[in-house]
Amino acid sequence: EYVLIYVNDILCISDNPQKSLERINKYFPMKPNSIGKPDIYLGAKLSGVRLPNQVEAWAMSPSKYIQEACKNAKQWHKENQSQPIYPSKCSAPFSSKYRPECDVTPELEVEEASYFQSIIGLLRWAVELGRIDITAKVSMLSSHLAMPCDGHLAEAFHIFAYLEPRHASRLVFDPTYPY
């Protein structure tokens, strides 16, 4: 009996990753020459860094992912919105005093609601890739996926406008930090 598993990426973090990957390869053959140092994983750019204490570590940056998501959001807005709700500059993830649970703007039409749901998915993935600065705001908007309103979509665009000039962030994984 055979088991077929298709996986695009495997990231192995270990003192001896080669040995671990060889064990996996024994049961699930990998493409020849496909094993090497990672550069992109699940949409994030990976790179090696040397910490001030001279320890070698890995860093993960969602910069490319954020740039592309912002570009796509702007394009969709340009093609689909008549009202100017895509802000030009934002210093915080939400407009001041905005509370999504108090939003009484009209409900989105079906296509806009579907789009809202998809961009919330993009923003949630940005959080997974390390953009912890938008976690609470994205979570608050996520609670309105079943019945989003115009204001919710406007605030989602606000988050993209906030991220656009701040795309160049990264998380550094310090292997010496106790866990």
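By convention here, the first residue in the shown sequence is residue 1.
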Notebook entry, point to check: Between Thr176 and Asp174, what is the shortest heavy-atom contact and its length?
Noted result: OG1-OD1, 2.5 Å
Next item on the list: Start with the C-alpha gap between Leu163 and Leu123, add the side-chain angles, then the distance that decides, and say whether side chain to side chain contact (heavy atoms under 4.5 Å, CB included) holds.
Entry: CA-CA 10 Å; Leu163 289 172; Leu123 291 169; 3.9 Å; yes
Checklist line | Ile132 atom CD1, neighbour heavy-atom count above 12 within 6.0 Å | finding: no
Checklist line | Least distance between heavy atoms, Pro93 atom then Lys137 atom | finding: CB-CG, 3.7 Å
Next item on the list: Mind listing the closest non-hydrogen atom pair of Ala113 and Leu108 along with its distance?
Entry: N-CB, 3.8 Å
Check: Heavy-atom distance under 4.5 Å between the side chains of Pro62 and Trp125, does that happen here?
Finding: no
Next item on the list: Flag the pair Cys70 / His167 as yes when at least one side-chain heavy-atom distance between them is below 4.5 Å, and no otherwise.
Entry: no
Item checked: Ser63 side chain near Lys45 side chain, heavy-atom distance below 4.5 Å -> no
Next item on the list: Determine whether Leu46 and Asp39 make a side-chain contact, defined as any pair of heavy atoms from C-beta on separated by less than 4.5 Å.
Entry: no
Next item on the list: Could you tell me which non-hydrogen atom of His158 sits nearest to which non-hydrogen atom of Ser95, and how far apart they are?
Entry: ND1-OG, 3.4 Å
Next item on the list: Check for a donor-acceptor pair, side chain of Glu56 on one end and backbone N or O of Gly48 on the other, with a separation under 3.5 Å.
Entry: no
Checklist line | Arg124 CZ: over 12 foreign heavy atoms closer than 6.0 Å | finding: no
Next item on the list: Show your reasoning for whether side chain to side chain contact (heavy atoms under 4.5 Å, CB included) applies to Ser142 and Val138.
Entry: CA-CA 6 Å; Ser142 293; Val138 172; 4.1 Å; yes
Notebook entry, point to check: Atom CZ in Arg131, atom OH in Tyr162: separation rounded to 0.5 Å?
Noted result: 6.0 Å
Check: When you check the gap from the basic side-chain N to the acidic O, do Lys71 and Glu164 get nearer than 4.0 Å?
Finding: no
Note to self: Closer than 3.5 angstrom, by distance alone: can the side chain of Arg23 be matched with the main-chain N or O of Lys19 as a donor-acceptor pair?
What the structure shows: no
Next item on the list: Can you establish whether the number of heavy atoms outside Lys74 located under 6.0 Å from its atom NZ is more than 12?
Entry: no
Note to self: For the aromatic rings, using the six-membered ring if either is Trp, is the centroid distance between Phe157 and His77 under 6.0 Å?
What the structure shows: yes
Margin query: Tell me if a side-chain donor or acceptor on Ser61 pairs with a main-chain N or O of Arg170 at a distance below 3.5 Å.
Written below: no
Check: Can you tell me if CD on Glu111 sees more than 12 non-hydrogen neighbours from other groups inside 6.0 Å?
Finding: no
Next item on the list: Kindly indicate whether the side chain of Ile159, heavy atoms from C-beta on, has any atom under 4.5 Å from the side chain of Phe94.
Entry: yes
Note to self: Nearest 0.5 angstrom please: Ser139 OG to Ile134 CD1, how far?
What the structure shows: 11.0 Å
Notebook entry, point to check: When you check the side-chain N and O atoms of Tyr115 and Asn80, is any donor under 3.5 Å from an acceptor?
Noted result: no
Notebook entry, point to check: Yes or no on side chain to side chain contact (heavy atoms under 4.5 Å, CB included) for Phe160 and Ile119, after CA distance, side-chain angles and deciding distance?
Noted result: CA-CA 10 Å; Phe160 283 110; Ile119 62 174; 3.9 Å; yes
Next item on the list: For the pair His144 and His152, name the ring-plane relationship: parallel under 30°, tilted 30 to 60°, perpendicular over 60°.
Entry: parallel
Next item on the list: Mind listing the closest non-hydrogen atom pair of Glu112 and Asp150 along with its distance?
Entry: OE1-OD1, 4.4 Å
Item checked: Single-linkage hydrophobic cluster, 4.5 Å side-chain cutoff, Ile40 and Met60 together -> no
Checklist line | Non-hydrogen atoms of Ile66 and Ala126 that approach each other most closely | finding: CD1-CB, 3.6 Å
Note to self: Within the 4.5 Å heavy-atom criterion, are Leu141 and Phe116 side-chain neighbours or not?
What the structure shows: yes
Next item on the list: Taking the side chain as every heavy atom from C-beta outward, state whether Tyr65 and Leu42 have any pair of such atoms under 4.5 Å apart.
Entry: no
Check: Are Val172 and Val127 connected in a single hydrophobic cluster, I mean Ile/Leu/Val/Met/Phe/Trp/Tyr linked by side-chain heavy atoms less than 4.5 Å apart?
Finding: no
Margin query: Tell me whether Leu171 shares a hydrophobic cluster with Val55, the cluster being built from Ile, Leu, Val, Met, Phe, Trp, Tyr side chains joined at under 4.5 Å.
Written below: no
Notebook entry, point to check: More than 12 heavy atoms of other residues, nucleotides or ligands under 6.0 Å from CD of Gln75: is that the case?
Noted result: yes
Next item on the list: Please answer: with hydrophobic residues joined when any side-chain heavy atoms are less than 4.5 Å apart, are Val49 and Phe173 in the same cluster?
Entry: no
Note to self: Go through it in stages, so that I can follow the logic: the residues are Gln54 and Arg50, the test is side chain to side chain contact (heavy atoms under 4.5 Å, CB included), and I'd like the CA-CA distance, side-chain angles, deciding distance and then a yes or no.
What the structure shows: CA-CA 6 Å; Gln54 301 306 310; Arg50 183 180 301 272; 2.9 Å; yes
Next item on the list: Report yes if some heavy atom in the side chain of Lys64 is under 4.5 Å from a heavy atom in the side chain of Glu68; otherwise report no.
Entry: no
